[in-house]
K.L.:
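Got a structure for you, written out below as structure tokens; questions coming shortly.
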Amino acid sequence: MKSLLLATAIAILPMTAFAADPLFDQARLTEHVKVLSDDSFEGRGPATAGETKTVAYIAEQYAKAGLQPGGDKGKDGKRAWTQDVPLGRFDIDGAVAASFTVGGKAVPLVQGDDIAIRASMTGQKAVSLKDTPIVWAGYGVKAPERNWDDFKGLDVKGKIIVVLINDADFETGQGDFGGKAMTYYGRWTYKYEEAARLGAAGVLIVHETGPASYGWATVKNSNTNTMFDIVRKDATKAHTAVESWITRDVAVKLFADAGLDFEAEKKKAQSRDFQPVELKGATFSTDFKVKPEVIVSKNVVGLLPGKTHPDEYVIYSGHWDHLGIGRPDAKGDSIYNGAVDNATGTAAVIEMGRAFASGPRPDRSIVFLTVTAEEKGLLGSEYYAANPVYPLGKTVAVFNTDALSPLGPTRDFNVSGDAKQDLLDLLIAKGKAEGRVFTPDPTPEAGHFYRSDHFPFAKRGVPAISFGSGIDVIGGKPGEAMAWAEAYTKDKYHQPADEWSADWRMDGMVADLTLLHDLGSDLANSRTWPEWGEGSEFKATRDATKAERK
């Protein structure tokens, strides 16, 4: 998630009128979104009939747009439209039994209501824990460069750890983790990884809407569904047997039953002096079966070869997948259509390909990449970045589109999590030239930078951003767009209600794509190599490949 809540309304500023741009057609954008989010695509789940239909549609549209196949090479040396992405697929097989025992009294936990247990991704076919000790470990962080250790040498092997989401600065906005801006230590992925490194039996992340930046419905729907991971030699080094969330109410009761005050313990966790404790007389039990298998999903890759520097690449990306078919909502709807998230971004990549293919051939090559399994942990982009079809050292920049707004043109725009890089400076300057203003991320504590498909590229040094439509809609009532975005996050994000609507406007997407096209065109017809700013955690990695860029 995504960029709909990355900006707040700003003062009305003068701007250039949005003229109709023949490069981007509203009707075509609408048709792509409508088709991709139709019930017949079954929510575009990886390794389903919905994937087959989605991949075929995108490849067909790439071809019609005038692109060349840009994926894996066959034995004949010709490229396919796709890149194979081998993934582990994991499903819970049957019911999930889970409970606490505190002071000898069993406290049952209902899957989806009280707890959200993911299908184990360790490769085991059954998980059975009986009366496993529980350790309270604050934010679950080991950060030696910050002189921070929430475990203080406590052996958690074979135990369940309870941790908070986000990092220790979230509540106060200041401290050793840089204030409100979430570090990677605050992400749920880190919590699971650290628990695996320490040999824990499992993790219970306490959900709170503020620090998580999304509600329980999102947690439930994302974690009780089919799980995917890249194929690993030893999955236990990355995953514990039990990876789960519990509601705040469940956590409060657990702590109270064990003689602790949740709020008091939470406050203690904000200090490096925090001491982990084993919850006295409290244990956790669970029993469920898992169906593991290896499947091959697809990234879809279109290519427009450059005329003078074809071995240098600008990438436009977006994820084609959503959650597929899952738990029915209150209306009985079980298809998670993913219209905003991310049929809009997929439509953007398709039409960006058409725009470039219909114009003068750029000097550098341009890659149009729609990736799989973003909703399962950025796995399609992670796989591409780990196994690039085109060398990352000669990749100029990545422009990712994820959940573009259907509300109409805006005066502002944003990106998922601000970062020090030339690419953002160039985007801001180009936006200003086109009458738009950049709104910095007002919720850096949400960790948006780590939550979209640009991140696997960024952590390998490639300058990358995930673009967000603004929220200061031209002609909109004050607060109207923010209210829409908040309602979307609450009632539609990762839910069956994320469906196409006939009242959506695509002229805002046209303005967004025009901005991204114009900057990409500048880069594709220049010798410019954007760099990371001083102090960026990605600069050293990029600098290590500098010899490739001559």
Side-chain angles (χ1 to χ4, degrees), residues 21-25 28 58-74 76-83 299-318 346-371 384-385 387-401 421-423 425-427 429-430 433-434 454 457 461-465 467 510 512-531 542 545-550:
D21 191 325
L23 288 178
F24 298 103
D25 181 78
R28 279 199 298 261
I58 296 170
E60 178 186 24
Q61 295 303 315
Y62 278 174
K64 288 180 177 179
L67 303 179
Q68 297 180 15
D72 292 334
K73 279 187 177 180
D76 59 1
K78 294 182 179 179
R79 291 195 180 276
W81 284 110
T82 58
Q83 178 191 34
N299 290 334
V300 193
V301 191
L303 176 68
L304 186 66
K307 63 182 180 182
T308 55
H309 300 286
D311 61 341
E312 299 173 2
Y313 307 91
V314 174
I315 295 179
Y316 287 92
S317 67
T346 303
V349 177
I350 293 171
E351 288 307 303
M352 191 67 72
R354 187 189 308 276
F356 274 102
S358 66
R361 185 61 60 92
D363 292 339
R364 288 165 159 166
S365 296
I366 305 182
V367 177
F368 304 90
L369 175 66
T370 46
V371 297
Y384 180 97
N387 305 274
V389 179
Y390 306 102
L392 299 187
K394 303 200 80 172
T395 298
V396 180
V398 174
F399 297 100
N400 188 62
T401 46
Q421 57 173 321
D422 294 345
L423 190 60
D425 295 338
L426 292 170
L427 181 64
K430 180 62 69 174
E434 298 187 2
H454 69 297
F457 293 93
V462 181
I465 58 174
F467 182 86
V510 167
D512 291 343
L513 299 189
T514 299
L515 172 55
L516 292 175
H517 171 274
D518 292 351
L519 179 54
S521 181
D522 288 351
L523 290 173
N525 291 292
S526 75
R527 304 304 304 139
T528 300
W529 294 95
E531 301 288 350
R542 184 64 165 180
T545 64
K546 193 168 186 176
E548 299 179 39
R549 299 183 291 279
K550 296 180 180 179

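Values below: every heavy atom of this structure, side chains too, minus hydrogens, waters and symmetry copies. Numbering of residues begins at 1 and proceeds along the displayed sequence. The structure displayed is predicted, hence computed values, not measured ones.
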K.L.:
For F356, give me all partners under ring pair (Phe, Tyr, Trp, His ring centres under 6.0 Å), at least two apart in sequence or on another chain.
P.N.:
Y316, H517
K.L.:
Do S358 and R354 have a side chain donor and acceptor closer than 3.5 Å?
P.N.:
no
K.L.:
Walk me through it: do T545 and L392 pass the test side-chain contact (heavy atoms from CB on, under 4.5 Å)?
P.N.:
CA-CA 9 Å; T545 64; L392 299 187; over 6 Å; no
K.L.:
Is the number of heavy atoms from other residues, nucleotides or ligands under 6.0 Å of K307 NZ greater than 12?
P.N.:
yes
K.L.:
Determine the minimum heavy-atom distance between N525 and D363, stating which atoms define it.
P.N.:
OD1-N, 3.1 Å
K.L.:
With side-chain contact (heavy atoms from CB on, under 4.5 Å) as the criterion, how do T514 and D518 come out once you've worked through the C-alpha distance, each side chain's angles and the decisive distance to 0.1 Å?
P.N.:
CA-CA 6 Å; T514 299; D518 292 351; 3.6 Å; yes
K.L.:
Show the nearest heavy-atom pair for residues P69 and L303, with the distance to one decimal.
P.N.:
O-CB, 4.3 Å
K.L.:
For the pair L423 and V398, evaluate side-chain contact (heavy atoms from CB on, under 4.5 Å) and give the outcome as yes or no after the intermediate values.
P.N.:
CA-CA 9 Å; L423 190 60; V398 174; over 6 Å; no
K.L.:
Check side chain to side chain contact (heavy atoms under 4.5 Å, CB included) between P310 and all other residues, then give those that pass, not counting sequence neighbours.
P.N.:
S365
K.L.:
Checking the side chain of Q421 only, and the main-chain atoms of A464 only, is there a donor and an acceptor separated by less than 3.5 Å?
P.N.:
yes
K.L.:
Is the backbone of N387 close enough, under 3.5 Å, to the side chain of Q83 for a donor and an acceptor to pair up by distance?
P.N.:
yes
K.L.:
Given 3.5 Å as the limit, does a donor-acceptor pair link the side chain of Y384 with the main chain of L369, or not?
P.N.:
no
K.L.:
Please report the shortest heavy-atom distance between G302 and W81, naming the atom on each side.
P.N.:
CA-CZ3, 4.1 Å
K.L.:
Mind checking salt bridge (charged side-chain N to carboxylate O under 4.0 Å, His left out) for R527 and listing every partner two or more places apart, or none if nothing turns up?
P.N.:
E312
K.L.:
Run the numbers on K394 and R364 for side-chain contact (heavy atoms from CB on, under 4.5 Å), then give the verdict.
P.N.:
CA-CA 10 Å; K394 303 200 80 172; R364 288 165 159 166; over 6 Å; no
K.L.:
Any idea which heavy atoms bring A357 and A65 closest together, and the distance?
P.N.:
CB-O, 3.2 Å
K.L.:
Looking at side-chain heavy atoms only, is the closest gap between V367 and V301 below 4.5 Å?
P.N.:
yes
K.L.:
How would you list, by chain and number, every residue that makes a side chain to side chain contact (heavy atoms under 4.5 Å, CB included) with K64, sequence neighbours excluded?
P.N.:
E60, Q61
K.L.:
Does M352 reach the side chain of F24, with side-chain heavy atoms less than 4.5 Å apart?
P.N.:
yes
K.L.:
If you take all heavy atoms of F368 and I366, which pair is closest and at what distance?
P.N.:
CZ-CG2, 3.3 Å
K.L.:
Sequence neighbours excluded, which residues qualify as side chain to side chain contact (heavy atoms under 4.5 Å, CB included) partners of K73?
P.N.:
R79
K.L.:
Check whether any side-chain heavy atom of L426 sits under 4.5 Å from a side-chain heavy atom of L523, and report yes or no.
P.N.:
yes
K.L.:
Using the test side chain to side chain contact (heavy atoms under 4.5 Å, CB included), find all partners of D422 that sit at least two apart in sequence or belong to another chain.
P.N.:
D425, P530, E531
K.L.:
Supply the atom-to-atom distance R542 CZ to W529 CH2, rounded to the nearest 0.5 angstrom.
P.N.:
6.5 Å
